[in-house]
Number of protein chains: 2
Amino acid sequence: MASATQPSESPSRARILETARREFADRGFDGARLAGIAREAGLSHPTLLYHFNSKADLYGSVIESAVLDWAAETEAAVSGALEGFDQVVSIIDAGFDFFATHADFARILRREALEGGERLDAAITDSLRPFLYRAVDFLEREMQAGRLRRHDPLELMQICYGAVFTFFSDSRFRARLLDSDPLSPDALTRHRNALTGLLEAALRPSSG
Amino acid sequence: MASATQPSESPSRARILETARREFADRGFDGARLAGIAREAGLSHPTLLYHFNSKADLYGSVIESAVLDWAAETEAAVSGALEGFDQVVSIIDAGFDFFATHADFARILRREALEGGERLDAAITDSLRPFLYRAVDFLEREMQAGRLRRHDPLELMQICYGAVFTFFSDSRFRARLLDSDPLSPDALTRHRNALTGLLEAALRPSSG
DNA sequence: ACCGGTCTACTGACTTGTCAGTAGGACCTA
DNA sequence: TAGGTCCTACTGACAAGTCAGTAGACCGGT
């Protein structure tokens, strides 16, 4: 979906990518303006179109770079070095860590999820679905082995993803609802601890 | 936010409202086209603007009607007729029931949440925040009384809201990811049971 | 002399909102 | 019951503005 015909990296190109990520997150694909993105990057909008062939191309590049990061940063979390509940925590933390450093991408991803994710087809097949199924397989195995109490593994993953993802994508809404800094380190660890605490109470077998 | 200068209800007006809800959910405020909404409702776009003064007015009317439904349908769930975990289930079920019958609105709401929810200010003050705090107060009380195991009540509500809300707002994404009917009665009860099961394991006190 | 990167100026497509005008029902009056 | 007047619902044509994308010139470095 994303082209790679342009020179792979230049200062302008990187700056455009950065401001585009923020604009697409703030306003969505339709709402974002090439002229606005270019202005924030210190360029005219035809110059932006010199670096990226079209708006769709720019958008695709934003997605692509974030999905590559996702694949790299979550690989360790599902590779299964740990056992039982410790590994569950590692998966949750991977999600928190990734979105904490890619907060804008969380909102772009949510917009895609709303519309069905057509533009994410490659990312789904290459990264997201494998990640999900590896996690589900792990949960299945550990429940079978008695290291985790039994719950529906696929639904469990969806509940966790929904909770973590919402924490980041809806941060501005939460700011308005609760009148507090929604992504402060404090708020983040509080939410992370609440989720892992809930999961521990539900998943860790009763014996010591 | 929404005007009431037009005749309160007419067949055309109702039809416009219905197709507008779907279009705004599918494409967002910027992506939706007045001409498209009008065509689907069997009218020309100036006629749409005869019934609603502007695109923003139409959007406001869509929001307004759904928020009124929300207030009416969730009132019972937090009024607190039940005790302990039974009441928790009642709150969860209220969320599932509302969104199951307002699936398009779930996606509109998520788009608002992404952008900070400026257009929901009245709804937040009148309905959403009171609902949240009544639920949090209830949880606090029940934990104090020992009828629920202790967790952070506010974070708990956010986890639940994130899970339920995501189930509906991201249904199309889930369809693509899992290649299954995302809002079938079966999928719905399965997710509902997984969530209440998880909560029961974490919240219900250990004694019988 | 070339070329990568940038600009200004422009276009064509599209969108919201306006406006003048029409069809037809309801209501009144003689 | 005929004719006049009003009102709601609706339309086609258009004004005004916005946007992505294009054309072509400029400029500095190699």
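Throughout, protein chains are lettered first and strands after them, A, B, ... in sequence-line order, and every chain is numbered starting at 1.
- C:dC14 atom P lies 12 Å from atom CZ of B:R39, rounded to whole Å.
- Using a 30° and 60° split on the angle between ring planes, A:H191 and A:F96 fall in the perpendicular class, above 60°.
- For the residue pair A:R110 and A:T166, a side-chain donor N or O sits within less than 3.5 Å of a side-chain acceptor on the partner.
- C:dT16 atom C1' lies 14 Å from atom CG of B:D57, rounded to whole Å.
- Nucleotide D:dC14 holds its C1' atom 14 Å from the CG atom of B:L49, rounded to whole Å.
- Atom C1' of nucleotide C:dT15 and atom CG of B:L48 are separated by 13 Å, given to the nearest angstrom.
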Spell out protein contact along nucleotides 6-13 of chain C as letters: B when the base is contacted, S when just the sugar-phosphate is, - when no protein heavy atom is under 4.0 Å; keep the 5' to 3' order.
-> BBBB----

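- Protein atom CZ of B:F52 is 12 Å distant from nucleotide atom P of D:dA9, rounded to whole Å.
- For CZ of B:R27, the number of neighbouring non-hydrogen atoms (other residues, nucleotides, ligands) closer than 6.0 Å is 12 at most.
- In this structure, the ring pair (Phe, Tyr, Trp, His ring centres under 6.0 Å) partners of A:F98, at least two apart in sequence or on a different chain, are A:W70, A:H102.
- Following rounding to the nearest Å, B:L34 (CG) and C:dT16 (P) show an atom-to-atom distance of 4 Å.
- Here CG of B:L114 is found 5.0 Å from CZ of A:R111. Values are rounded to the nearest 0.5 Å.
- Judged by a 6.0 Å distance limit and a 45° cone about the ring axis, B:R174 is positioned over the six-membered ring of B:F167.
- The nearest whole Å value for the distance from the CD1 atom in A:I37 to the C1' atom in D:dC19 is 12 Å.
- Note on A:A32: only backbone sugar-phosphate atoms sit closer than 4.0 angstrom, heavy atoms only; bases stay farther off.
- Going from atom CG of A:N53 over to atom C1' of D:dT22 covers 13 Å, rounded to whole Å.
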